[in-house]
Amino acid sequence: MPHPLLHSPFINSKYRALEEEIFSLLSKSTSLNHITQIHARIFTLGLHQNNFIATKILNLCSSTSSINHACLTFHHISNPTISLWNSFIRALSQNDLPIETLKIYTQMKNTQISPDNYTFPFVLKACAALPQYPPLGQSIHGEVIRIGLDPDPYIRNSLIVMYSKSGYLKNALLLFEEMPVRDTATWNSIIAGCFRSENVEKGRELFDQMPERNVVSWNTVVAGYTQNGKASEALRLFRRMQSEGILPNEVTLVSILSACAQAGAIEIDMYSKGGSLRDARNVFDGMVEKTVVSWNTMISGVAMHGCGEEAVSLFEEMSNTGVEPNDITYIGVLCACMHAGLVEEARMYFKQMVEKNGITPKVEHYGCMVNLLGRVGYLIEAHELIKSMPFSPDASIWGALLGACRTHGHLELAEHAVICLLELEPWNAGNYVLLSNIYAAKGHWNDVESVREKMKGRRVQKTPGSSSIEIDSSIHEFVIGDRSHRRSIEIYEKLDELAMQLKLAGYVPSVDSVLHDICEEEKEHALNVHSEKLAIAFGLINTSPGTTIRIIKNLRICGDCHTATKLISKIVEREIIVRDRIRFHHFKDGKCSCNDFW
DNA sequence: TTAGGGTTAG
């Protein structure tokens with residue numbers, strides 16, 4: 001709508017020219033800063049009532065996540081056109097505000113404006129984000145049919161996504177099968193839906209059938225396999241993707257890294273040298289344009305593998321290339337510092353995050369700091385940091401402090417932490433076990449007993465520690481003192497042999513790793529049959545000399561097994577990779593990649 | 001009138 005003062009033909013053409021000028025300015029801007037500046041100019045020119053320009057601004061707000069700005073812009077327009085409504089709905093929907101999206105959609109209908117083919121994909125995306133209310137999506141589907149827009153391919157794709165995210169894969173498949181024309185996005189949507197609904201076979205079948213695949217198709221299946229716990233399939237498909245010359249992008253990297261994280265038990269020669277992390281690094285290095293997501297993924301990836309210095313140097317490299325770190329980047333780099341015991345660096349990054357990048361630390365950031373300070377023995381500083389937090393600490397924070405108290409034998413602080421922790425999660429067996437471990441390490445057996453009684457009273461059971469190893473595509477799982485394996489005799493012979501070699505190498509069992517109140521000699525024996533040692537022994541008798549042994553443990557590796565595995569790696573001249581609940585440990589030549597911080 | 005859309009993800 002032209003400015004009321006501009007009505008002569010001459011001024012009208014000047015108005016058009018202004019409109020065009022602003023429009024081209026907006027087309028070139030990418031950041032909120034630009035938009036705000038241009039918006040100020042729009043006001044002085046009296047163009048703030050202009051629907052066309054407002055639409056353009058809203059679309060920019062959407063891509064820059066500037067929702068407040070989007071609301072302000074929208075509410076300045078007295079008679080929004082359908083395009084403006086659509087752009088506002090888009091901004092809300094794409095910025096994870098499904099309830100607000102549906103509210104505005106309802107408001108739009110109340111003004112007698114009928115939704116069109118552009119409206120529904122955004123509205124359906126909002127419905128897909130609220131799978132707990134499946135009737136919502138169904139009623140929108142009803143409206144689509146009533147208006148006669150159901151043949152629209154965009155809307156149909158959105159319906160497929162909505163149904164598969166709401167747990168109605170059957171409806172999604174039906175819509176897919178009835179579609180006269182399917183484009184690659186249609187195929188991608190339904191394949192993603194199948195994998196999301198854990199129908200891996202159907203997803204793969206459709207992938208194999210599809211006439212044309214793009215990088216999203218490949219990513220969908222790689223991610224699908226990873227999310228369904230089939231890391232080896234994911235990595236196999238990634239190899240095929242590369243051999244077919246498909247250029248991976250940052251989403252591929254994300255999925256491949258997740259697959260690598262799972263791949264601890266994979267015995268595949270091509271991944272064995274240096275671990276699957278190298279695959280991820282290759283993808284990363286080959287990427288032409290690295291976004292903050294790519295950097296974050298790579299930093300978290302190397303952090304998880306315990307390569308603290310590499311994470312730090314990636315972070316610095318990222319800053320030098322002008323990519324601004326976000327909260328997730330800092331979680332990655334703090335996590336890396338935590339695993340590598342880099343206290344000074346962590347303090348520096350924590351400060352820099354707030355002061356330089358204006359990021360408010362979240363519980364994850366505090367968690368890393370507490371964990372790290374605790375591990376290196378700065379228990380009081382860790383506790384002070386917890387007290388200074390502007391929100392209530394959650395279980396992860398108290399858990400980190402408690403773990404540190406155990407390592408450093410600080411009984412009083414541990415009791416405090418565990419009391420807070422048990423209030424937050426009385427059902428979690430791990431908490432009782434940690435407290436019981438602390439008492440056991442101090443020889444306070446009566447207290448150990450009372451914790452156990454409490455556990456019994458509350459029907460809590462300790463998760464049994466177990467370790468698994470993959471040999472010839474089958475998984476072998478061991479628990480402490482396990483004798484159920486059919487090759488148990490050989491395994492125990494190997495263990496005895498290792499125990500002897502370890503003693504000769506100067507290994508002294510650290511008996512405070514043991515929970516139970518038993519005599520010293522028995523304690524030593526219990527340590528010797530921890531699940532990870534059984535899995536390693538089994539690995540040694542089943543693989544050829546020099547190959548890497550990969551173990552997955554469901555809990556954190558214990559202090560004694562960590563020491564023993566370091567020595568074993570040297571004695572048997574093998575690289576042993578253990579993925580525990582927290583991270584990867586690469587044992588080689590008597591050392592571990594975690595530098596004994598874990 | 002002009003512009004605006006759906007799939008994979010840390």
Side-chain angles (χ1 to χ4, degrees), chain A residues 16 19-20 22-24 26-27 50-63 81-91 93-94 115-125 128 149 152-162 164-165 172 175-176 179 182-196 203 206-207 210 213-227 234 241 248-259 261 280 284 290-301 303-304 325-332 335 364:
Chain A
R16 285 267 170 275
E19 193 186 76
E20 224 161 80
I22 295 292
F23 189 81
S24 86
L26 284 169
S27 300
N50 183 303
N51 240 302
F52 176 45
I53 286 176
T55 305
K56 183 77 187 170
I57 292 174
L58 278 185
N59 292 330
L60 285 167
C61 291
S62 178
S63 51
T81 57
I82 177 72
S83 303
L84 191 65
W85 282 105
N86 285 346
S87 296
F88 191 37
I89 288 173
R90 175 196 185 209
S93 173
Q94 291 193 328
D116 67 4
N117 55 323
Y118 285 94
T119 321
F120 284 112
F122 310 129
V123 175
L124 286 167
K125 186 187 163 86
L149 283 170
D152 183 288
Y154 283 88
I155 295 179
R156 210 165 254 244
N157 288 351
S158 306
L159 282 167
I160 288 175
V161 175
M162 184 276 292
S164 74
K165 284 196 178 171
L175 280 167
F176 174 77
M179 275 178 87
R182 301 169 186 144
D183 60 12
T184 309
T186 317
W187 286 89
N188 292 347
S189 304
I190 192 69
I191 291 168
C194 291
F195 277 100
R196 200 179 293 120
L206 289 169
F207 176 79
M210 67 190 292
R213 304 183 188 96
N214 61 17
V215 65
V216 177
S217 323
W218 289 91
N219 289 352
T220 303
V221 181
V222 170
Y225 275 129
T226 311
Q227 281 154 13
M241 177 178 175
N249 66 11
E250 66 177 87
V251 180
T252 322
L253 174 68
V254 169
S255 308
I256 278 303
L257 254 171
S258 304
F284 181 76
K290 298 182 178 84
T291 67
V292 67
V293 180
S294 348
W295 285 100
N296 288 355
T297 311
M298 200 64 233
I299 290 171
S300 317
M304 195 162 50
N326 62 18
D327 55 333
I328 293 162
T329 323
Y330 276 105
I331 293 175
C335 207
E364 290 90 342

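Lettering of chains follows the sequences in order, A, B, ..., and the numbering in each one begins at 1. Because only heavy atoms are used, hydrogens play no part in the values below, and waters and symmetry mates are left out as well, while side chains stay in.
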(Q) Measuring only between side-chain heavy atoms, which start at C-beta, is A:Ile190 closer than 4.5 Å to A:Arg182? (A) no

Q) With side chains defined as the heavy atoms from C-beta onward, is the minimum distance between A:Asp116 and A:Thr119 less than 4.5 Å? A) yes

Counting any heavy atom closer than 4.0 Å, what does [X] reach on the DNA or RNA strands: base, sugar-phosphate only, or nothing?
{"X": "A:Asn249", "value": "nothing"}
{"X": "A:Asn117", "value": "base"}
{"X": "A:Phe122", "value": "sugar-phosphate"}
{"X": "A:Ser87", "value": "nothing"}
{"X": "A:Val161", "value": "sugar-phosphate"}
{"X": "A:Asn86", "value": "base"}

Can you tell me which nucleotide in [options] comes closest to the side chain of [X]?
{"X": "A:Asn326", "options": "B:dT7, B:dG10, B:dG5", "answer": "B:dG10"}
{"X": "A:Val251", "options": "B:dG5, B:dA9, B:dG10", "answer": "B:dA9"}
{"X": "A:Val216", "options": "B:dG10, B:dT8, B:dG5", "answer": "B:dT8"}
{"X": "A:Asp116", "options": "B:dG4, B:dT2, B:dG5", "answer": "B:dG4"}
{"X": "A:Ile328", "options": "B:dT7, B:dG10, B:dG4", "answer": "B:dG10"}

Atom pair distance, as rounded to whole Å: [atom1] in [X] and [atom2] in [N]:
{"X": "A:Ile53", "N": "B:dG4", "atom1": "CD1", "atom2": "C1'", "answer": "16 Å"}
{"X": "A:Met162", "N": "B:dT7", "atom1": "CE", "atom2": "P", "answer": "13 Å"}
{"X": "A:Asn219", "N": "B:dG10", "atom1": "CG", "atom2": "P", "answer": "12 Å"}
{"X": "A:Glu250", "N": "B:dT7", "atom1": "CD", "atom2": "C1'", "answer": "15 Å"}
{"X": "A:Leu124", "N": "B:dT7", "atom1": "CG", "atom2": "C1'", "answer": "14 Å"}
{"X": "A:Phe284", "N": "B:dG10", "atom1": "CZ", "atom2": "C1'", "answer": "13 Å"}
{"X": "A:Tyr154", "N": "B:dG5", "atom1": "OH", "atom2": "C1'", "answer": "6 Å"}
{"X": "A:Gln94", "N": "B:dT7", "atom1": "CD", "atom2": "C1'", "answer": "13 Å"}

Look at the side-chain N and O atoms of [X] and state whether any lies under 4.0 Å from the OP1 or OP2 oxygen of [N].
{"X": "A:Arg196", "N": "B:dT7", "result": "no"}
{"X": "A:Arg90", "N": "B:dG5", "result": "yes"}
{"X": "A:Gln227", "N": "B:dA9", "result": "yes"}
{"X": "A:Lys165", "N": "B:dT8", "result": "yes"}

**Q.** Main-chain N/O of A:Asn296 paired with A:Ser300 side-chain donor or acceptor, under 3.5 Å
**A.**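 Judged by distance alone, yes, a pair lies under 3.5 Å.
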
Q: Under the salt bridge (charged side-chain N to carboxylate O under 4.0 Å, His left out) rule, collect the residues that match up with A:Asp327, sequence neighbours excluded.
A: A:Lys362

Q: Tell me, please, which residues at least two apart from A:Phe88 pass ring-ring contact (aromatic ring centres under 6.0 Å, His included).
A: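 Result, ring-ring contact (aromatic ring centres under 6.0 Å, His included) vs A:Phe88: A:Phe74.
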
Q) Can you check whether A:Tyr118 stacks with the B:dG4 base, using ring centres under 5.5 Å and planes within 30°? A)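 Stacked: centres under 5.5 Å apart, planes under 30°.
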
Q: Determine the sole option in A:Asn214, A:Thr220, A:Asn219 for which the side-chain hydrogen bond (donor to acceptor under 3.5 Å, both in side chains) test with A:Asn188 is passed.
A: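 Going through the options one by one, the only one that passes is A:Asn214.
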
